[in-house]
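The structure appears below as structure tokens.
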Amino acid sequence: MQMPELDAGILARRDEVVAALRAIVPGEGVIASERAMKPYESDGLTAYRQLPMVVVLPDSTEQVARVLRYCHQQGIKVVPRGAGTSLSGGALPLGDGVLLGMAKFNRIREIDFNNRVAVVEPGVTNLAVSQAVEHAGFYYAPDPSSQIACTIGGNIAENSGGVHCLKYGMTTNNVLGCEMVLMTGEIVRLGGKHLDASGYDLMGIVTGSEGLLGVVTEITVRILKKPETARAVLIGFASSEDAGTCVGHIIGAGIIPGGMEMMDRLAIDAAEQFVHAGYPLEVEALLIVELDGPQAEVDDLIGRVEAIARQCRAVTVKASGSEQERLLFWAGRKAAFPAVGRISADYYCMDGTIPRAQLPRVLARMRELSASYGLRVANVFHAGDGNLHPLILYDANQPGELERAEAFGAEILKLCVEVGGVLTGEHGVGVEKRDLMETMFTQTDLDQQQRLKCAFDDKGLLNPGKVFPTLHRCAELGRVHVHGGHARFNDLPRF
Amino acid sequence: MMDVLKPRDAQDVAAAVQWALGQSKTLDVVGAGSKRDLGRPTQTDATLDLSGLIGVTLYEAEELVLSARAGTPLAEIEALLASRNQELAFEPMDYGSLLGAPPGRGTIGGALATNLAGPRRFKAGAARDHFLGVTATSGRGEEFKSGGRVVKNVTGYDLCKLLAGSWGTLAVMTGVTVKTLPRAETEATLLVAGLDDARALEAMATALQSSCDLSGAAHLSRPVAARLPGELGLGQPMTAMRLEGVERSVTHRMTALQTLMRSWGPLLVLDPQQSRSLWTAIRDGIGFAESGPAGGRIVWRISTAPAQGARLGQLLAAKADVELAYDWGGGLVWAALAPAEDAGEAIVRAAVSVCGGHAMLVRAPAALRARVPVFEPQAGPLAALTARVKESFDPNRVLNPGRMWAGV
């Protein structure tokens with residue numbers, strides 16, 4: 001993976017930079033020793049490691065602004081980091097860059113039930129928001145599986161989803177406002193407790209921008225009333241085609257489940273051996289369909305889903321009869337990644353989205369690829385929205401296996417794009433999928449995105465080397481080229 | 001004579017913008033023209049009429065996606081979705097009656113470019129939340145795309161969000177993909193009669209914090225409620241709460257909601273048909289219709305924190321002759337002011353600065369909209385950032401210059 005060239009001039013001035021940062025963030029907020037920086041060398045994508053030049057842990061917006069202003073003046077690159085759970089290398093440090101850790105921003109500033117919002121700092125974990133409001137029967141809807149560790153700031157950067165996002169939306173649909181520091185050190189406020197942007201929807205652009213546009217220092221999120229109850233149905237199928245058809249029929253019947261997950265045989269077997277969730281073992285695909293809402297509604301919909309499943313040749317159909325049973329159904333799915341980890345030395349988690357009707361074609365092709373690469377693959381799938389998580393099993397201690405796993409993964413993502421899908425549904429591009437961006441976008445598409453980046457960060461100092469395969473200078477991108485095309489213009493109907 | 005250019009496809013659009021760039025001309029970007037009286041009046045060299053870019057290019061109900069050319073009439077899309085028991089869940093409002101124009105004329109591109117929403121906004125989102133993919137031509141005359149045709153996607157910046165609500169000032173959309181959702185099986189509405197604004201907003205906050213799962217919460221002050229069509233009109237203020245879902249669920253929640261609201265005032269339950277008419281009327285601002293008794297009034301649309309809605313209304317009423325309606329549980333305030341030299345701007349902006357949020361001048365004579373800032377004014381680093389974002393798409397200010405703010 002080619003990262004931006006190290007700036008020798010900056011590295012030569014490292015002591016001076018460290019001292020300047022210490023003047024802004026006193027005490028233990030600046031970490032410069034190699035050993036103490038070690039925990040920051042990678043994020044959830046552990047195949048990539050790089051020590052930063054220095055780590056800074058500010059604890060106020062003012063400090064963030066001063067650090068960024070200093071780095072902007074000095075031309076020093078900055079990589080923001082939340083909890084470091086990114087699966088795409090979004091928080092991978094740069095050797096000549098400042099790693100800006102936001103962990104000290106860990107307070108919930110306000111809970112406002114009348115407006116149904118919470119105002120939190122970016123270092124607050126996703127789960128902590130729900131925990132802070134659950135006494136009143138509220139929760140924060142996006143629930144990435146790393147929710148115990150990942151932070152709201154990181155969720156903004158990645159536009160995180162979770163198993164419930166088909167019904168309740170991703171992060172972008174659940175945040176109302178933020179305070180953000182630009183690379184120049186300027187502070188802007190976007191949105192608030194009200195709905196919709198007052199001008200351009202900059203909050204919508206910042207969400208999912210992977211730390212390339214600004215550093216968020218406060219966030220206003222929506223909180224929702226918890227559904228009265230939830231029940232799940234476990235449905236086994238003899239083929240993934242039948243399972244896919246069933247998903248289509250459920251949605252076609254006007255039912256949007258709170259969660260709808262699919263697992264293939266390898267994932268089912270691994271999960272069942274691990275947590276004994278009571279999954280059927282003689283099936284090729286398993287669906288977990290969860291309905292939530294008032295009891296009367298849930299019972300009614302469970303009945304309809306069971307009927308649809310039987311029409312779709314389900315082999316086994318079992319609805320949860322108690323809250324414990326519902327949680328047990330989920331325990332297997334939630335443990336699917338570690339369960340696969342038990343049957344393989346290492347695994348590589350992919351994240352593409354496909355139009356759901358393409359599932360049989362994609363799974364068939366994946367089986368062929370699995371055979372030709374000589375690596376097993378287990379599939380976990382957010383079936384309602386087509387977000388596929390193939391887990392490629394490999395052993396990093398076997399020479400060449402990691403590279404094979406990565407090549408296999410890249411083929412899967414290209415396949416997702418080929419069938420009308422996208423490279424990433426919720427994990428982000430980061431460094432991992434950066435060089436695949438051209439399979440989905442033309443150079444013009446990517447140039448327009450980079451121009452927008454220039455509007456926020458004119459020197460390209462914020463998290464460079466992520467998302468975009470090639471970097472251009474803003475001045476170069478800004479030039480307007482007037483094309484010919486007069487023939488077509490002369491032909492244009494006019495009145 | 002001003003040119004009207006009518007592209008037949010996306011390449012024509014690119015050619016038109018390239019022509020404008022080369023000749024230093026400006027373009028007024030128009031779909032069906034149903035919202036031309038919204039925003040700042042612009043003076044451009046030519047009109048780019050997208051009404052020829054029509055047709056649904058993909059609709060897969062089970063995948064919850066629909067793609068269409070940007071000029072496709074919204075009514076056509078809504079009818080197609082209805083045939084499969086689906087809808088655009090953001091419930092796009094129709095500005096027709098408010099602006100004194102025939103209803104039902106908008107396009108899908110226009111709905112997205114102006115980020116339309118309806119009463120379901122607080123639950124289901126606005127157009128932005130359902131906008132999955134786009135192809136467009138920037139003010140640089142370059143065709144680009146963003147997003148895709150799947151409902152879950154984080155690949156690259158989400159330019160759809162930025163184009164939603166950009167009023168055609170950044171790029172000309174040529175093709176769009178939106179998320180479609182099942183229509184609710186049924187609906188019902190509970191009316192609470194006779195509450196003053198403050199009590200009504202408290203009642204709505206109470207209901208919104210319950211498990212009743214409202215999909216609409218609006219309050220119409222007496223004069224506005226009185227103008228509702230036919231049997232819907234009450235002689236007193238009206239607070240409306242909508243429930244949608246499967247029959248058993250709506251019945252169950254209606255019982256719970258009635259219990260919750262019993263002590264607040266006299267209750268009345270509307271059947272599904274009455275409920276639908278009422279919410280269409282609320283969505284489209286029927287009480288302030290140009291052809292009705294409030295026709296001469298200046299109309300502002302104000303988004304604020306729901307719990308601040310009543311205070312905002314009080315601040316306006318203390319300083320002006322105003323008729324008020326509240327939607328989104330109090331988070332959307334429609335204020336119809338008696339004509340004033342500054343369109344009541346000073347009063348409205350002052351109230352918004354106290355309560356938070358933003359205000360848009362929706363209905364006023366063109367001369368007033370040219371003089372008074374229509375969108376919430378911006379200052380400092382945010383204004384500079386907005387200008388740079390415009391620059392990144394449309395450096396020569398070819399597209400709808402000045403439609404949102406002078407100079408942008």
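All values derive from a computational prediction rather than experimental measurement. Protein chains get the first letters and strands the later ones, always in sequence-line order, with residue 1 at the start of each.
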Rounded to the nearest 0.5 Å, what separation is found between the [atom1] atom of [X] and the [atom2] atom of [Y]?
X       : Y       : atom1 : atom2 : value
D457(A) : R388(B) : CG    : CZ    : 10.0 Å
C160(B) : I205(A) : SG    : CD1   : 9.0 Å
E426(A) : K152(B) : CD    : NZ    : 3.5 Å

Problem set entry | Criterion side chain to side chain contact (heavy atoms under 4.5 Å, CB included) on F495(A) and K6(B), from CA distance to verdict | CA-CA 8 Å; F495(A) 306 92; K6(B) 194 167 179 189; 3.4 Å; yes

Non-hydrogen atoms of chain A under 4.5 Å away: do they reach the side chain of [X], the backbone, both or neither?
X       : answer
L332(B) : neither
L163(B) : neither
W405(B) : side chain
A126(B) : side chain
K123(B) : backbone
P395(B) : side chain
D49(B)  : neither

For the side chain of [X] and the backbone of [Y], is there at least one donor-acceptor N/O pair under 3.5 Å apart?
X       : Y       : result
R140(B) : Q448(A) : no
E63(B)  : A357(A) : yes
S198(A) : E376(B) : no
R451(A) : S392(B) : no
K145(B) : M440(A) : yes

For this session: Kindly indicate, with the supporting measurements, whether the criterion side chain to side chain contact (heavy atoms under 4.5 Å, CB included) is fulfilled by V154(B) and H427(A).
Result: CA-CA 8 Å; V154(B) 296; H427(A) 293 175; over 6 Å; no

Considering only heavy atoms from C-beta outward, does the side chain of [X] approach that of [Y] to under 4.5 Å?
X       : Y       : answer
T304(B) : K193(A) : no
E228(A) : H252(B) : yes
T444(A) : E143(B) : no
L492(A) : P7(B)   : yes
N387(A) : N153(B) : no
I354(A) : V150(B) : no
T207(A) : D158(B) : no
D213(B) : K225(A) : no

Between [options], which has the largest tally of heavy atom pairs under 4.5 Å with chain A?
options                            : answer
G148(B), G245(B), G330(B), G357(B) : G357(B)
G125(B), S138(B), G156(B)          : G156(B)
L159(B), L162(B), T386(B)          : L162(B)
L181(B), T206(B), L208(B)          : L208(B)
A205(B), S303(B), A359(B)          : S303(B)
L170(B), V250(B), N115(B), V65(B)  : L170(B)

Is [X] salt-bridged to [Y], cutoff N-O under 4.0 Å?
X       : Y       : value
D491(A) : R8(B)   : yes
R479(A) : E142(B) : no
E62(B)  : R356(A) : no
R488(A) : D9(B)   : yes

For this session: Fit a plane to each ring of H358(B) and H194(A), take the angle between them on a 0 to 90° scale, and name the class: parallel (under 30°), tilted (30 to 60°) or perpendicular (over 60°).
Result: perpendicular

Exercise. Can you list every salt bridge (Lys or Arg N to Asp or Glu O under 4.0 Å) pair that touches residues 194-204 of chain A, not counting sequence neighbours?
Worked result: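 Salt bridge (Lys or Arg N to Asp or Glu O under 4.0 Å) check on residues 194-204 of chain A returns D196(A)-R121(B), D201(A)-R128(B).
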
Using a cut-off of under 4.5 Å on heavy-atom pairs, state which of [options] scores highest against chain B.
options                            : result
D300(A), V467(A), I250(A)          : D300(A)
I255(A), D447(A), L301(A), L213(A) : L213(A)
K453(A), E158(A), K433(A)          : K453(A)
L190(A), L195(A), N173(A)          : L195(A)
G252(A), G248(A), G420(A)          : G248(A)
P294(A), S160(A), G161(A), G208(A) : P294(A)

Problem set entry | Residues which pass ring-ring contact (aromatic ring centres under 6.0 Å, His included) with F113(A), listed by chain and number, not counting sequence neighbours | H135(A), F138(A)

Chain B contact via [X] - side chain, backbone, both or neither, heavy atoms under 4.5 Å:
X       : answer
L446(A) : neither
L452(A) : both
R222(A) : side chain

Exercise. With distance as the sole criterion, is a donor-acceptor pair present between the side chains of N114(A) and Q209(B) under 3.5 Å?
Worked result: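 Side-chain D/A pair, N114(A) to Q209(B): present.
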
For this session: Apply side chain to side chain contact (heavy atoms under 4.5 Å, CB included) to the pair V151(B) and T353(A), showing each step before the final yes or no.
Result: CA-CA 9 Å; V151(B) 297; T353(A) 303; over 6 Å; no

Exercise. Would you say the ring centroid of F468(A) lies under 6.0 angstrom from that of Y157(B)?
Worked result: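 Yes - the distance between ring centres of F468(A) and Y157(B) falls below the 6.0 Å cut-off.
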
For this session: Report, as yes or no, whether the 6.0 Å neighbourhood of atom CD on E60(B) holds more than 12 heavy atoms from other residues, nucleotides or ligands.
Result: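 It does: E60(B) CD has more than 12 such atoms within range.
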
Exercise. Name the one of I187(A), V188(A), T184(A) that satisfies side-chain contact (heavy atoms from CB on, under 4.5 Å) with P381(B)?
Worked result: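 Filter result, single survivor: V188(A).
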
Problem set entry | Single hit among V408(B), L385(B), L382(B) for side-chain contact (heavy atoms from CB on, under 4.5 Å) with Y200(A) |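 Passing option: V408(B).
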
For this session: Under the side chain to side chain contact (heavy atoms under 4.5 Å, CB included) rule, what do T155(B) and F441(A) come out as? Steps first, then yes or no, please.
Result: CA-CA 10 Å; T155(B) 322; F441(A) 294 112; 4.0 Å; yes

